[in-house]
Amino acid sequence: MNQLTHVAIIMDGNGRWATERGMPRWKGHEAGADAVRRATKAACRHEISHLTLFAFSSENWRRPAKEVHILFSLLRRYLESETAALVEKGIRLSAFGRRDRLPAAVLQSLLFAEERTRGGERLHLRLALDYGARHEFIEAARSLAREAARGIILPDQIDEDLFEKRLSSGVVPPPDLIIRTSGERRLSNFLLWQAAYSELYFCPRLWPDFEERDFDKAVEDYALRQRRFGSTRRAVCLAG
Ligand code: FPP
């Protein structure tokens with residue numbers, strides 16, 4: 001049986017969900033926030049220690065300003081209305097990605113939620129916010145290059161461990177399973193470092209329609225996968 005510690009989700013399809021219903025796109029994001037609650041509940045039920053959600057990518061700034069504004073308002077509303085419940089459920093919330101471009105009010109609610117939920121040990125809920133893997137690679141490379149130039153480290157000391165520690169997405173176990181909804185099959189600049197050996201699961205449902213049972217199905221599918229991490233099928237079988 002594959003161990004399942006960390007699930008990451010690319011929540012996709014909010015806009016299509018709303019358009020199909022003749023509603024403005026933000027209605028899809030609003031319904032998407034309810035799906036976030038369901039996914040969190042399912043993760044707790046499966047006793048998963050880390051759940052990472054792609055809430056806003058660095059490329060999402062290209063959307064119309066009104067949609068971006070509504071997305072951040074929903075996020076703020078979620079943080080403000082959910083913090084007490086997260087504390088009660090033992091869920092720690094944190095975010096990674098750029099913070100310098102977040103609206104001040106969102107940053108304030110985020111810092112409050114992170115502080116209040118810090119002690120949560122049941123589940124670590126991580127939001128990727130203004131996040132893009134390529135950007136964090138560049139930032140990590142720059143910070144190591146600066147240190148090498150100042151003689152603080154030697155270039156040869158740079159290894160996977162050191163590089164990973166400089167990533168804004170933090171040092172947590174890599175996602176065992178990455179779920180993407182809406183039928184699209186790509187990673188879209190999400191956790192490219194940590195996804196090296198993640199199992200991918202593509203769910204045809206649009207994110208606002210994502211139910212707990214869809215999470216269960218993904219977990220069941222994952223349980224049947226053979227994870228080889230570059231080894232052979234035979235070696236994995238022998239190792240038990
Ligand atoms: C992708 O759907 C989804 C997003 C860009 C944002 C995700 C945001 C939420 C689920 C709402 C609030 C988040 C939290 C954490 C409470 P899309 O708009 O790209 O859909 P489309 O591909 O159908 O256009």
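A side-chain donor-acceptor contact under 3.5 Å links Ser143 and Arg166. For the 3.5 Å distance criterion, the side chains of Arg180 and Ser188 qualify, holding a donor opposite an acceptor. Defined by atom type and a distance below 3.5 Å, a donor-acceptor pair is missing between the side-chain atoms of Ser182 and Arg205. Defined by atom type and a distance below 3.5 Å, a donor-acceptor pair is missing between the side-chain atoms of Ser94 and Glu114. No hydrogens or angles considered: a donor-acceptor pair under 3.5 Å links the side chains of Gln194 and Ser169. Remark: the Asn14 side chain and the Trp26 side chain contain no N/O donor-acceptor pair separated by less than 3.5 Å. Under 3.5 Å, the side chains of Arg225 and Tyr201 contain no donor-acceptor pair of N or O atoms. Using modelled atom types and a 3.5 Å distance limit, the side chains of Asp216 and His46 yield a donor-acceptor pair. Side-chain contact of His124 with Ser49: a donor-acceptor pair under 3.5 Å is absent, judged by distance alone.
Note: Phe137 and Trp193 have perpendicular aromatic rings, judged against thresholds of 30 and 60 degrees for the angle between ring planes. In this structure, Phe54 and Phe190 have parallel ring planes: the angle between them is below the 30° cut-off, well short of the 60° mark.
Distance alone, capped at 3.5 Å, places no donor-acceptor pair between the Tyr197 side chain and the Asp176 backbone. Judged by distance alone, the side chain of Asn60 and the main-chain N or O of Asp130 form no donor-acceptor pair under 3.5 Å. Not a single donor-acceptor pair under 3.5 Å links the side chain of Ser109 to the backbone N or O of Arg76. Ser198 places a side-chain N or O within 3.5 Å of a backbone atom of Pro175 that can act as its donor or acceptor partner. No donor-acceptor distance shorter than 3.5 angstrom exists from the side chain of Arg21 to the backbone of Lys27, with no hydrogens or angles considered. Gln157 places a side-chain N or O within donor-acceptor distance of the main-chain N or O of Leu154, the cut-off being under 3.5 Å. With hydrogens and angles disregarded, no donor-acceptor distance shorter than 3.5 Å links the side chain of Arg63 to the backbone of Glu59. Side-chain atoms of Tyr222 come within 3.5 Å of backbone N or O of Gln3 as a donor-acceptor pair.
Taking 4.0 Å as the cut-off between side-chain N and carboxylate O, Arg142 and Glu139 count as a salt-bridged pair. Ion pairing between a basic and an acidic side chain is recognised when a charged N comes within 4.0 Å of a carboxylate O; Glu136 and Arg134 show no such pairing. Salt bridge present: Arg25 and Glu67 bring a charged side-chain N and a carboxylate O closer than 4.0 Å. With respect to the salt-bridge test (charged N to carboxylate O, under 4.0 angstrom), the residues Arg92 and Glu121 do not qualify. A salt bridge links Arg77 with Glu30: the distance from a Lys NZ or Arg NE/NH1/NH2 to an Asp or Glu carboxylate oxygen falls below 4.0 Å. The existence of a salt bridge linking Lys217 and Glu211 is excluded, since no basic side-chain nitrogen approaches an acidic carboxylate oxygen closer than 4.0 Å.
The side-chain heavy atoms of Leu192 and Leu187, taken from C-beta on, include a pair separated by under 4.5 Å. The side-chain heavy atoms of Arg16 and Thr19, taken from C-beta on, include no pair separated by under 4.5 Å. Put simply, the side chain of Ile10 does not reach to within 4.5 Å of the side chain of Ile179, judged on heavy atoms. Considering only heavy atoms from C-beta on, Thr52 comes within 4.5 Å of Phe96 through its side chain.
Under the 4.5 Å side-chain contact rule for hydrophobic residues, Leu110 and Ile70 do not share a cluster. One hydrophobic cluster holds both Leu129 and Leu51 under the rule that ILVMFWY side chains link at heavy-atom gaps under 4.5 Å.
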For this session: Give the intermediate values and the outcome of salt bridge (Lys or Arg N to Asp or Glu O under 4.0 Å) for residues Arg186 and Glu184.
Result: CA-CA 6 Å; Arg186 55 180 173 270; Glu184 304 290 351; 3.2 Å; yes
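Proximity of the aromatic rings of Phe56 and Tyr131 is defined here by a centroid distance below 6.0 angstrom, and this criterion is not met.
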